Amino acid sequence: MGRLVLHRLGATIPVLLLVTAGVFSLLHLTPGDPIDVMMAESVDATVKANLRRELGLDRPIAVQYVAWMGRVLRGDLGRSVRNGEPVIENVGRRIRPSLQLALLAMAISLLIAAPVALASAVRRNTSIDRAGTTFALFGICMPNFLLALLLIFFFGVTLRWLPVSGYTDPAEDLIAGVRSLVLPAVTLGLALAAVITRTLRSSLLEALTEDYVRTARAKGLSEWAVIRAHVLRNALIPVVTVLGLQLGTLIGGAVITEYVFGLPGVGRLVVDAVFARDYPLVQGVVLLIAAGFIASNLLVDLLYGWIDPRIRIR
Amino acid sequence: MAGSTPGSGFAEPAATLARADAAPVRDRRWEVVRRAARARLAPFGAAVLLLALVAALGAPLLAPYDPVKQDLGHALAPPGRAHLLGTDSIGRDVLSRMIWGTRVSLVAGFVSVAIAAATGCVLGILAGYAGGRVDGLVMRLMDAVLSFPPLVLALALGAVLGAGLTGVLIALGVVYTPTFARLMRGQVLAIKAREYVDASRALGASGWRVACRHVLPNATAPIVVQASLSVAFAILAEASLSFLGLGIQPPAASWGSMINAGRGYLQQAPWIVFGPGAALFVTVVGLNFVGDAIRDALDPRLRT
């Protein structure tokens, strides 16, 4: 296991280096002068010159990269051009709603996917199965923003059960907080549930045909006992991988969901930074998101090795 | 992007494709078409794709109104005889804009996947063929691209390339490239080890000739399957970026931007959102069926 950890960590380093190079060059991909793109024409030339100096854009590109990497390694991801605050502080203020949203969405997705996939697999090729697979297909094809607007239309506008936008921290007011997170979390959770349902259904179907399942049945165990003790436990392994693979989708979905529901999260911060042409902030947040994404994928890989000994041996 | 990362999970080397049948090529092609048509939902998918193509190509003839012409006297008019799907907040005909939006969606879907497939295949062949350091560098580069959540990468690239369809096409092209590169590399590695490649080499064929004559034709099936499944997700991704305001710019119409423009009027005029929303959803579902049918036809072993 120790060797696996070292191997995976070692493989991550060159990728991280390339990721930082990519994020660094974002600013230099802008057609024309990035300072002119970031600031209106009317802005004073000395202000522009100051920003150019502050961002180091007056130096050769290799020097810029080394200086930028040096700062990144010290944990300094730069400052927002708009509000002058360090990127880390900007993200720190926004991370809470994003994490709450992601956790709630994941819980919702598992609560939906597990029973649907189980019913689908156990009653294979029946109308229950068809309903389950149709749900999965529709969930995968449904754009997040459209689902969000449908939910807002029914539960916010028509029935008026839940708030359609805004955020209350559940730590301050539990009921209002949860109410403000329900629609965004369902939006995000349903898409994820669809993907998990698909994977779980096929891994359940595979597990159901294993020899140990036949043996368990031959021993006279009830069908439920067979499923609980033998099938479900083995079928859950691929779901961990899928959850890891879907983190990117989850983050992307969170960007849209936070935008639609006006949640002040990290996703919303990316969109705002993009439209404010606040490139240092875009760079910083994108780098943080990518690093988080790489770290969680690494974690999932290691977790997978821990759950399934066959991976470790390989 | 609701788009679960497209194509994840089936990047299986096609070297395992059954190629042993000795039937003449033409018969085999018909068999592929017959298998595709047998897929239960394929006809629905094909019909949707055909309809979308007709709408996109015939937009100037089919759209009842000018898609950008404002008519403030009839703003937010509900669906009726004059405007089948109603009008938006500045009186533009929703149906006409939806028909024109089909063009943007299809162009985005097909062109971005074409960019990704072409770039990915070149990189994949390069990595698989050259091996060693080149392989390592190319594949780490692809890993780096995959280290960004797709939508976040597309947003960041769209931001620096500027709003507009070209920026979105390039951004999506970059996002989908690694999938094709990985797939192609796997193919090249598998095919490179085949006897007929050795034979060709022994006869003095150049590396380039081997790649064009033997590797590419044998590697196309999984690439076509991947491409056909990716188009639906690319359309979804374009709509998401347009929804956020990065795609084609107003007053031109795209489904995503129409939905975004309508969300402020959900209570008074839900048709502004639901018309293009339904078009987007049905197109993506239809393209998925077509993609599944193509996969089943070209590689029945991958059927789920």
Side-chain angles (χ1 to χ4, degrees), chain A residues 11 14-19 21-23 26-27 29-31 37 137-147 149-150 152-153 156-157 164 191 194-195 198-199 202 242 245-253 255-256 259-260 267 270-271 273-275 277 279 282-283 286 289-290 293-294 297, chain B residues 1-5 8-9 41 136-137 140-141 143-163 232-233 235-237 239-240 243-246 255-256 259-260 262-263 266-267 270 273-274 276-278 280-289 292 304:
Chain A
V15 174
L16 262 176
L17 268 176
L18 285 168
V19 164
V23 170
L26 269 183
L27 190 61
L29 283 174
T30 41
V37 178
L137 175 76
F138 278 26
I140 287 168
C141 294
M142 178 66 113
N144 261 340
F145 52 89
L146 190 59
L147 178 61
L149 292 177
L150 278 171
I152 289 178
F153 182 69
V157 174
V164 295
V195 184
R198 252 192 189 183
T199 317
S202 48
V242 169
L245 286 173
Q246 289 306 311
L247 273 175
T249 315
L250 191 69
I251 297 170
V255 170
I256 298 217
Y259 175 77
V260 178
V270 178
V271 179
V274 163
F275 286 103
R277 298 196 175 279
Y279 291 137
V282 173
Q283 279 181 311
V286 168
I289 291 179
F293 189 39
I294 293 174
N297 272 327
Chain B
M1 321 205 177
S4 38
T5 315
S8 52
L41 295 160
L137 182 69
R140 290 303 78 70
L141 205 62
D143 287 347
V145 175
L146 286 172
S147 302
F148 296 95
L151 183 71
V152 174
L153 179 60
L155 253 180
L157 285 173
V160 294
L161 295 170
F233 289 111
I235 287 179
L236 264 186
S240 303
F243 178 79
L244 292 173
L246 263 190
W255 293 341
I259 294 171
N260 190 32
R263 73 191 176 109
L266 215 46
Q267 198 162 7
V273 164
F274 295 139
L280 175 61
F281 180 66
V282 171
T283 308
V284 172
V285 172
L287 280 169
N288 249 298
F289 290 155
D292 282 351
T304 42

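Throughout, protein chains are lettered first and strands after them, A, B, ... in sequence-line order, and every chain is numbered starting at 1. What you are looking at is a predicted structure, and each value in this text was computed from that prediction instead of being measured.
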Would you mind checking which part of [X] comes under 4.5 Å of any heavy atom in chain A, side chain (CB onward), backbone (N, CA, C, O), both or neither?
{"X": "B:L246", "value": "both"}
{"X": "B:N288", "value": "side chain"}
{"X": "B:L280", "value": "side chain"}
{"X": "B:A239", "value": "both"}

Of the backbone (N, CA, C, O) and the side chain (C-beta and beyond), which part of [X] lies under 4.5 Å from a heavy atom of chain B, both, or neither?
{"X": "A:L26", "result": "both"}
{"X": "A:V164", "result": "neither"}
{"X": "A:V19", "result": "both"}
{"X": "A:L146", "result": "side chain"}
{"X": "A:F138", "result": "both"}

Measure the [atom1]-[atom2] distance between [X] and [Y] for me, rounded to the nearest 0.5 Å.
{"X": "A:L149", "Y": "B:F243", "atom1": "CG", "atom2": "CZ", "answer": "5.0 Å"}
{"X": "A:I256", "Y": "B:S240", "atom1": "CD1", "atom2": "OG", "answer": "4.0 Å"}
{"X": "A:F153", "Y": "B:Q267", "atom1": "CZ", "atom2": "CD", "answer": "9.0 Å"}

Chain A: which of B:L244, B:V285, B:L287, B:D143 shares the most heavy-atom pairs with it under 4.5 Å?
->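 The residue among B:L244, B:V285, B:L287, B:D143 with the greatest pair count is B:L244.
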Please report the closest heavy-atom contact between B:A159 and A:R277, naming both atoms and the distance.
->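 That closest heavy-atom pairing would be O-NH1, 3.6 Å.
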Between B:F233 and A:I140, is any pair of side-chain heavy atoms under 4.5 Å apart?
-> yes
Show your working on side chain to side chain contact (heavy atoms under 4.5 Å, CB included) between B:F289 and A:L137 and close with a plain yes or no.
-> CA-CA 10 Å; B:F289 290 155; A:L137 175 76; 3.3 Å; yes
Full working for side chain to side chain contact (heavy atoms under 4.5 Å, CB included) between B:F148 and A:I294 = CA-CA 8 Å; B:F148 296 95; A:I294 293 174; over 6 Å; no
